[in-house]
Novice: 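So that we are looking at the same thing, I have put the structure below in structure tokens.
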Amino acid sequence: QVQLVESGGGLVQAGKSLRLSCVVSGRTWYSMGWFRQAPGKEREFVAAISSTSVSTYFADSVKGRFNISRDNAKNTVYLQMNSLKPEDTAVYYCNALERFHPPRPFGSWGQGTQVTVSS
């Protein structure tokens, strides 16, 4: 019922910034989250935002560097990534959250967008 299309990934140098976008189709009145998965590793939580942008929280690994926002009129959620590190290299996914905290994503995932940070 929810379709997700991520975009904005690419190859960047360490220390630079990148902004990811996620367009959500279908039901949009949910909390949203960003997740990432590096090769050979499990998918991990990155950031979450409530349905009305009142609340956000982040994984410790990105706190202070990343920010999450949304524009409900555009059905879009964003992940602003600053001071990127090589360890941030991963495929990034967005998803609606059935539970805000701890994050519980719905079972369907989009294609994701690749972020590669070179040193």
Side-chain angles (χ1 to χ4, degrees):
Q1 293 185 342
V2 177
Q3 191 168 0
L4 310 158
V5 180
E6 301 94 341
S7 63
L11 174 63
V12 299
Q13 295 177 343
K16 293 187 176 180
S17 299
L18 202 60
R19 190 178 77 159
L20 307 183
S21 299
C22 172
V23 178
V24 185
S25 300
R27 301 177 66 181
T28 59
W29 283 84
Y30 288 101
S31 298
M32 296 292 297
W34 283 96
F35 302 78
R36 66 187 183 186
Q37 186 169 25
K41 297 183 179 181
E42 296 182 352
R43 182 182 286 115
E44 65 177 353
F45 166 77
V46 176
I49 186 168
S50 62
S51 60
T52 56
S53 303
V54 173
S55 300
T56 63
Y57 69 98
F58 304 87
D60 289 341
S61 59
V62 306
K63 192 175 299 182
R65 299 188 298 119
F66 289 12
N67 193 31
I68 186 171
S69 62
R70 68 190 298 164
D71 186 339
N72 288 344
K74 295 181 172 63
N75 295 331
T76 303
V77 60
Y78 305 94
L79 183 67
Q80 179 66 47
M81 305 184 295
N82 302 313
S83 301
L84 282 163
K85 305 175 180 179
E87 64 188 272
D88 296 318
T89 296
V91 178
Y92 283 71
Y93 303 87
C94 66
N95 207 342
L97 301 178
E98 192 272 336
R99 182 180 64 195
F100 180 59
H101 190 279
R104 180 191 291 162
F106 286 100
S108 297
W109 297 88
Q111 188 172 351
T113 185
Q114 176 72 50
V115 173
T116 303
V117 184
S118 64
S119 60

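All figures in this text were calculated on a predicted structure; none of them were measured in a lab.
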Novice: So do Phe45 and Pro105 actually touch side chain to side chain, heavy atoms under 4.5 Å?
Specialist: no
Novice: Please answer: with hydrophobic residues joined when any side-chain heavy atoms are less than 4.5 Å apart, are Val23 and Tyr30 in the same cluster?
Specialist: no
Novice: Is the shortest side-chain heavy-atom distance between Glu6 and Leu79 below 4.5 Å?
Specialist: no
Novice: Going from OG on Ser50 to NE2 on His101, what distance comes out if it is rounded to the nearest 0.5 angstrom?
Specialist: 12.5 Å
Novice: Under 4.5 Å between side-chain heavy atoms, counting indirect links through other Ile/Leu/Val/Met/Phe/Trp/Tyr residues: same cluster for Leu97 and Val24 or not?
Specialist: no
Novice: Which heavy atom of Ser17 sits nearest a heavy atom of Gln80, and at what distance?
Specialist: CB-NE2, 3.9 Å
Novice: For the atom pair CE (Met32) and CG (Asn95), what is the distance rounded to the nearest 0.5 Å?
Specialist: 6.5 Å
Novice: If I compare all heavy atoms of Ser83 with all of Arg65, which pair ends up nearest, and what's the gap?
Specialist: O-NH1, 3.0 Å
Novice: Would you give the length of the straight line joining atom CZ of Arg19 to atom OG of Ser7, rounded to the nearest 0.5 angstrom?
Specialist: 9.0 Å
Novice: Between atom OG1 of Thr116 and atom CG of Leu84, what is the distance when rounded to the nearest 0.5 Å?
Specialist: 10.5 Å
Novice: Output the distance between atom SG (Cys22) and atom CG (Asn75), rounded to the nearest 0.5 Å.
Specialist: 10.0 Å
Novice: Which atom names give the shortest non-hydrogen contact between Leu11 and Ser118, and what distance separates them?
Specialist: CD1-CB, 4.4 Å
Novice: Can you tell me which residue among Ile49, Asn67, Val46 is in a side-chain contact (heavy atoms from CB on, under 4.5 Å) with Phe58?
Specialist: Asn67
Novice: Hydrophobic clusters here meaning ILVMFWY residues chained together by side-chain heavy-atom distances under 4.5 Å, can you tell me if Val117 and Met81 are in one?
Specialist: yes
Novice: Do the non-hydrogen side-chain atoms of Val77 and Trp34 ever get within less than 4.5 Å of each other?
Specialist: yes
Novice: Do Val115 and Tyr78 sit in one hydrophobic cluster, given that two such residues count as connected whenever their side-chain heavy atoms are within less than 4.5 Å of each other, even indirectly?
Specialist: no
Novice: What are the two closest heavy atoms between Val91 and Gly112, and how far apart are they?
Specialist: CG1-CA, 3.9 Å
Novice: So, taking the atom named OG1 in Thr56 and the one named CZ in Phe66, what distance separates them when rounded to the nearest 0.5 Å?
Specialist: 14.0 Å
Novice: Mind checking whether Pro103 and Tyr57 have side chains closer than 4.5 Å, heavy atoms only?
Specialist: yes
Novice: Looking at Gln114, I want to see if its CD is surrounded by more than 12 non-hydrogen atoms of other residues, nucleotides or ligands under 6.0 Å.
Specialist: yes
Novice: Please report the shortest heavy-atom distance between Ala90 and Ala38, naming the atom on each side.
Specialist: CB-N, 3.8 Å
Novice: Report, as yes or no, whether the 6.0 Å neighbourhood of atom CD on Glu44 holds more than 12 heavy atoms from other residues, nucleotides or ligands.
Specialist: yes
Novice: Would a 4.5 Å heavy-atom cut-off, applied to side chains only, mark Lys16 and Leu18 as touching?
Specialist: no
Novice: Within the structure provided, determine whether Phe106 and Val2 are in side-chain contact (heavy-atom separation under 4.5 Å).
Specialist: no
Novice: Side-chain contact, heavy-atom cut-off 4.5 Å: Val62 with Arg36?
Specialist: yes
Novice: Before accepting this row, confirm whether a basic side-chain N of the pair Lys85/Asp88 lies closer than 4.0 Å to the acidic partner's carboxylate O.
Specialist: no
Novice: Give a yes or no on whether the ring-centroid distance for Trp109 and Phe35 is below 6.0 angstrom.
Specialist: yes
Novice: Keeping the roles fixed (side chain from Asn72, backbone from Thr52), state whether a donor-acceptor pair exists under 3.5 Å.
Specialist: no
